[in-house]
2 protein chains.
Amino acid sequence: MSNPPTIKEIAKKLNISISTVSRALHDHPSIGLRTKMRVQQLAKDLNYEPNQTAIFFQQRKTFTLGVILPELSEAFFSSAISGIEDTANKHKYSVLLGQSHDNEEREKQIVETMKNHRVDGLIISIAKNTVNYDHFEMLKKYNIPIVFFDRIPNLPNIHYVACDMESGTIQAVNFLLKNNHRIIGMINGPEKLFASQQRVEGYIKAMKKYRLKFDPNLMVASDLTREGTETAMQSLLSLRRKPTAIVVFNDYVALDAVQYARHKKLRINKDIVFVSYSNLPLSHYTAFPPLASVEQFPYQQGQKATETLVELLGKSNEQPEATTYYKVILESQLMLNQNK
Amino acid sequence: MSNPPTIKEIAKKLNISISTVSRALHDHPSIGLRTKMRVQQLAKDLNYEPNQTAIFFQQRKTFTLGVILPELSEAFFSSAISGIEDTANKHKYSVLLGQSHDNEEREKQIVETMKNHRVDGLIISIAKNTVNYDHFEMLKKYNIPIVFFDRIPNLPNIHYVACDMESGTIQAVNFLLKNNHRIIGMINGPEKLFASQQRVEGYIKAMKKYRLKFDPNLMVASDLTREGTETAMQSLLSLRRKPTAIVVFNDYVALDAVQYARHKKLRINKDIVFVSYSNLPLSHYTAFPPLASVEQFPYQQGQKATETLVELLGKSNEQPEATTYYKVILESQLMLNQNK
DNA sequence: TTCATGTAAACAAACGATTGCGCGTTTTTT
DNA sequence: AAAAAACGCGCAATCGTTTGTTTACATGAA
């Protein structure tokens with residue numbers, strides 16, 4: 001018999017019924033001590049392991065969390081998935097993984113796959129150009145909860161975990177102002193992103209506090225490609241009021257921006273300084289690191305998102321329709337990069 | 001009816017049998033065109049999706065690959081998982097993820113979980129101090145194939161994908177020799193690792209080719225901690241024949257080694273040069289990058305491992321015991337880090 | 001003795017889908 | 001026109017487990 005043992009086999013060998021075996025293995029009170037022991041002993045001897053697929057099927061629960069991320073190889077997301085996996089594991093959940101490659105079609109398809117796999121819930125950071133959210137809405141009908149994190153869709157009733165970029169941006173701009181920069185540029189990301197809007201808000205608030213006027217010319221957007229960033233830099237550097245400091249959307253963009261500045265013979269941290277939002281580990285090892293970075297704690301975001309989802313899954317059994325929506329906000333934090 | 005529709009429902013509504021519905025949806029030839037159409041139409045209208053958990057259960061196949069990696073947040077592994085996910089997806093497989101955190105106990109427990117989930121196969125890069133392989137052997141009984149990659153256990157009959165470090169090491173040492181270095185140190189990893197042994201081999205072969213004698217003092221090991229690396233550096237730098245170049249086990253170790261050297265007032269790339277094995281992306285952005293790195297192609301390793309596993313899974317249906325063991329070797333390759 | 005109570009175990013349905021087999025009806029063959 | 005083949009579909013078992021209900025027996029009280 002090469003097949004894994006089943007409770008049926010145990011039942012037959014002990015000449016008792018299947019249900020008795022099942023109950024014995026679960027320490028059900030209505031089973032006598034004698035048979036309970038005999039069953040448990042034999043189960044151990046046979047190396048019995050319950051067939052989870054059968055249980056999943058029967059219980060309509062898979063103890064599996066679906067996770068959909070844009071790009072697994074990006075440091076930010078790989079930290080996040082690490083936090084997710086750790087937390088899921090702690091709560092006895094497994095993680096089913098998919099990467100959208102920032103492609104809406106693929107995202108949809110993965111959602112479909114995960115739904116068919118009957119994951120208990122989903123954790124999603126959406127593709128950057130997803131504009132249609134039907135595939136998320138649809139899951140509500142199937143009672144599969146979603147917790148979004150970091151990249152969250154613009155939808156009314158959703159659960160999410162995110163890092164507040166406004167506070168970090170305020171800290172960043174404050175830091176620059178304190179260091180006597182007065183003309184501070186910003187290279188932001190796509191305007192649609194909530195995170196972009198928060199950066200703008202933070203920037204403006206910080207400036208206001210110093211009673212400085214907001215100059216819209218200092219605010220440019222990049223589509224996050226190298227070319228987009230170069231165009232952005234170009235427009236900033238060609239201003240009459242040329243910035244002495246630039247706050248950049250993220251580390252990847254910052255690397256391009258720094259390179260562009262160096263190409264233009266600007267001395268980094270002298271003629272111009274950069275502050276960024278960190279995605280890269282070890283960015284303090286880089287040759288021309290941003291002076292400071294706003295840390296977004298991806299690992300913690302992953303943790304929180306998972307904890308939220310697990311809690312949601314626990315509750316769903318109690319009151320079916322007590323839907324309060326979780327909005328967990330982590331504070332971002334400015335970190336100075338001490339030069340090595 | 002909030003529950004997802006089933007073929008049973010379809011059958012009832014159309015007043016036909018369940019089996020007919022099932023066959024109609026699979027385009028079975030024994031179903032008439034008329035009913036086939038009616039079924040397919042209704043299925044579409046009801047938004048019918050087959051319950052995968054039921055199918056998994058019935059078919060004893062989950063179309064899921066288990067993946068166990070030491071640390072998801074490390075760049076090397078996050079690239080690998082990216083390759084794995086992409087390839088699995090292409091072949092209609094899903095990915096169930098676990099991270100061992102280089103902990104043998106945890107690794108065992110994850111293997112157990114994955115077995116119970118009835119994954120069809122496993123892709124594993126083992127924890128660095130796993131010495132007992134029983135949990136892997138055990139899977140053979142359950143007919144769950146494993147493909148190891150990068151970090152492979154010392155077992156006779158296994159499938160694996162790995163990067164040949166010997167050739168890369170030869171290239172690295174050759175490169176240094178051509179640049180007139182004659183005293184070349186090596187900071188290697190734990191001796192048990194196959195990858196460490198390959199590095200030694202490569203080093204010795206390259207030296208032999210140049211008819212240079214192998215000086216064992218130039219070969220030291222680090223346990224991959226900062227302290228271990230510093231001890232290693234110390235012993236190299238205190239040699240009478242002091243190396244002018246050092247080949248370092250990996251980028252993380254290299255960062256520590258470089259820092260130690262700088263601390264000792266050595267000028268990087270002048271007094272001493274480093275060559276490393278790359279784990280970090282963008283290492284050319286770092287302040288004092290190794291002159292060159294041996295690339296190990298983690299994404300491709302992931303791809304290959306997945307393709308191998310998928311092939312294995314396809315075959316297992318044909319001839320149960322035609323066990324040839326796949327040993328896929330990718331060539332590592334030296335990449336020069338052009339300074340920016 | 002008889003009826004209620006309690007205990008230990010068996011029975012059987014259900015979860016959703018697949019599939020070998022069989023059976024009636026129509027079509028083809030001779 | 002009768003026998004054979006083809007078609008179209010239903011029956012029922014199966015995968016492994018859980019769980020509500022029932023049954024058998026023993027024990028105690030009335």
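The chains referred to below are lettered A, B, ... by the order of the sequence lines, with proteins before strands, and numbering in each begins at 1.
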Rounded to whole Å, please give me the gap between [atom1] in [X] and [atom2] in [N].
| X | N | atom1 | atom2 | answer |
| --- | --- | --- | --- | --- |
| N15(B) | dC9(D) | CG | C1' | 13 Å |
| K36(B) | dC9(D) | NZ | P | 10 Å |
| E9(A) | dC15(D) | CD | P | 11 Å |
| H28(B) | dG10(D) | NE2 | P | 14 Å |

_I'd like to know if E9(B) and K12(B) make a salt bridge, using a cut-off of under 4.0 Å between side-chain N and carboxylate O._
no

*Supply the atom-to-atom distance L46(B) CG to E49(B) CD, rounded to the nearest 0.5 angstrom.*
11.5 Å

*Could you encode protein contacts along nucleotides 17-28 of chain D as a string, one character per nucleotide from 5' to 3', using B for base contact, S for sugar-phosphate-only contact and - for no contact, with a heavy-atom cut-off of under 4.0 Å?*
BBBB--------

*asked:* Quick one about S94(B) and H117(A) (side-chain donor to acceptor, distance below 3.5 Å, no hydrogens or angles considered), yes or no?
replied: yes

*Please report the closest heavy-atom contact between I126(B) and I152(B), naming both atoms and the distance.*
CD1-C, 4.0 Å

*Starting from the 5' end of DNA chain D, give me the residue, V21(B) or R118(B), whose nearest nucleotide shows up first.*
V21(B)

*Evaluate salt bridge (Lys or Arg N to Asp or Glu O under 4.0 Å) for E74(B) paired with R151(B), printing each intermediate quantity in order.*
CA-CA 14 Å; E74(B) 274 187 25; R151(B) 299 222 210 133; 5.1 Å; no

_Nucleotides bounding contact with chain A, strand DNA chain C, heavy-atom threshold 4.0 Å_ = dA8(C) to dG16(C)

*asked:* Need one value for T35(A): base, sugar-phosphate or nothing, where a base atom within 4.0 Å counts as base even if backbone is also close, heavy atoms only.
replied: sugar-phosphate

_Taking the ring centre of each residue, are F56(B) and F63(B) less than 6.0 Å apart?_
no

*Report yes if the distance between the aromatic ring centroids of Y160(A) and Y325(A) is under 6.0 Å, otherwise no.*
no

*Can you tell which of I329(B), L309(B), V328(B) makes a side chain to side chain contact (heavy atoms under 4.5 Å, CB included) with V161(B)?*
V328(B)

